[in-house]
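The structure that follows is given in the form of structure tokens.
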Amino acid sequence: MDILPPKTKEALLARVEALGGLTLAHIAKDFNLSVPADLRQSKGWVGELMEKALGADAGCLAKPDFRQLGIELKTLPVDNNGRVIESTYVSVVPLLNHWGLQWHQSEVYGKLAKILWLPIEADPAISLPQRRVGCGFLWSPNTVQEAILRQDWQELMDMVALGELEQISAKIGTYLQIRPKGANGKSLRWGVSASGEKILTLPRGFYLRRLFTQSLLDKYQFL
DNA sequence: CATTGATCATAA
DNA sequence: TTATGATCAATG
């Protein structure tokens, strides 16, 4: 059972609304999928299930998930107190061939420009099959948010370009941060050192900090 | 106990 | 092999 991609934003939001309140077991059953016991060896399972349920069509491509609509889908794990549990992966950090890259041409901007946030119950006290989908909402950065995201991106990409990879830690950045993003500590990519030589280094990704996505969720709940 | 750094599965 | 989907688990 394959769901076709929604043709309009309204059609997408209608599907999101229909998902709200359903358990993961319920949705998985509709696709003849079994629910893993836990996420330890299936970390992306919930996100992939939501892609199926909503008809995301970007597959493994450098997205957005809904290509025709330019909308990126992100699940937002939330505990029983409405607290966002995890940071949100955005995209890989280009370690090479990034000279002259501008904010508005970056993958980060492309994905953050329009996001469908889909809160998912993720309290450890609730078993995976019993967890429910919350109320999804569309978000685009406002002027202030974009300015801060852009500053973060620029500061971090400047460090990448200057070969300061070893000095990049997850502590840098107000909303955005860079953290390792690989299969394990042995996966390596080519980057550039401070002296301009090509070096092997960990693959990294841009992530949105938990407190930032928490603020988005809080604002939505308030409205 | 929150965050950083490390890791798991899968598709193309 | 690299990018997608993320969460796990060590650390301070």
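Chain letters run A, B, ... following the sequence lines, proteins first, then strands; residues in each count from 1. Predicted, not measured: the structure shown is a model, and the values here were computed from it.
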Atom CZ of A:Arg83 and atom P of B:dA2 are separated, to the nearest Å, by 4 Å
Legend entry - Side-chain N or O of A:Ser42 closer than 4.0 Å to phosphate OP1/OP2 of C:dT7: no
Parallel under 30°, tilted from 30 to 60°, perpendicular over 60°: which one fits the rings of A:Tyr109 and A:His104? perpendicular
Whole-Å distance, A:Leu24 CG to C:dT7 P, equals 11 Å
### Query
Counting any heavy atom closer than 4.0 Å, what does A:Ser187 reach on the DNA or RNA strands: base, sugar-phosphate only, or nothing?
nothing
For a quick check of understanding: with a heavy-atom distance under 4.0 Å over all strands, which category does A:Ile85 fall into, base, sugar-phosphate or nothing?
nothing
note: A:Leu73, atom CG; C:dA3, atom P; distance rounded to Å ~ 20 Å
**Request:** May I ask you to say what A:Arg204 touches in the nucleic acid, namely base, sugar-phosphate or nothing, with a heavy-atom cut-off under 4.0 Å?
**Result:** nothing
Measuring to OP1 and OP2 of B:dA6, would you say a side-chain N or O of A:Arg179 lies under 4.0 angstrom away? no
Rounded to whole Å, the CG-P distance (A:Leu39 to C:dT4) equals 20 Å
Rounded to whole Å, the CG-C1' distance (A:Leu128 to C:dT7) equals 12 Å
Is there a side-chain contact between A:Val192 and A:Leu96, using heavy atoms and a 4.5 Å cut-off? yes
A:Arg209 side chain near B:dT3 phosphate (N/O to OP1/OP2, under 4.0 Å) | no
Considering only heavy side-chain atoms of A:Lys111, the closest of B:dT3, C:dT4, C:dA9 is C:dT4
(message) For A:Arg15, is the CZ atom crowded, meaning more than 12 foreign heavy atoms sit under 6.0 Å from it?
(response) yes
### Task
Kindly indicate whether the side chain of A:Lys43 and the base of B:dT7 share any N or O donor-acceptor pair separated by less than 3.5 Å?
yes
Worksheet item: Above 12 or not: heavy atoms from other molecules or residues under 6.0 Å from CD of A:Glu10?
Response: yes
When rounded to whole Å, the CG to C1' distance for the pair A:Leu49 and B:dA9 reads 15 Å
**OP:** Please work out if A:Gly182 contacts a base, only the sugar-phosphate, or nothing of the nucleic acid, heavy-atom cut-off 4.0 Å.
**Re:** base
Side-chain contact check for A:Lys171: nearest option of C:dT4, B:dT4, B:dA6 is B:dT4
**Asked** Checking all strands, does A:Gly47 fall into the base, sugar-phosphate, or nothing category for heavy-atom contacts under 4.0 angstrom?
**Response** sugar-phosphate
Practice item. Report the relative orientation of the aromatic rings in A:Phe137 and A:Tyr220; use parallel for angles under 30°, tilted for 30 to 60°, perpendicular for over 60°. Key: parallel
- Message: Please classify the nucleic acid contact of A:Glu86 as base, sugar-phosphate, or nothing, using heavy-atom distances under 4.0 Å.
- Response: base
Comparing A:Leu211 with A:Leu202, nearest DNA chain B nucleotide closer to 5' gives the residue A:Leu211
Margin query: With a 3.5 Å cut-off and heavy atoms only, can you find an N or O donor on one side and an acceptor on the other between the side chain of A:Lys181 and the base of C:dT2?
Written below: no
Of the candidates B:dA9, B:dG5, C:dA6, the side chain of A:Gln41 sits closest to B:dA9
Taken to the nearest whole Å, CG/A:Leu208 to P/C:dA6 is 12 Å
Sugar-phosphate only, base, or nothing, as touched by A:Ser169 at under 4.0 Å among non-hydrogen atoms
sugar-phosphate
| message | Looking at A:Tyr207 and C:dA6, is any side-chain donor or acceptor paired with a base atom of the opposite kind under 3.5 Å? | response | yes
Tell me what A:Pro77 touches on the nucleic acid: a base, only sugar-phosphate, or nothing, going by heavy atoms under 4.0 Å.
sugar-phosphate
To the nearest angstrom, the CD-P distance between A:Glu48 and B:dA11 comes to 8 Å
Within a 6.0 Å radius of atom CD on A:Glu155, are there more than 12 heavy atoms belonging to other residues, nucleotides or ligands? yes
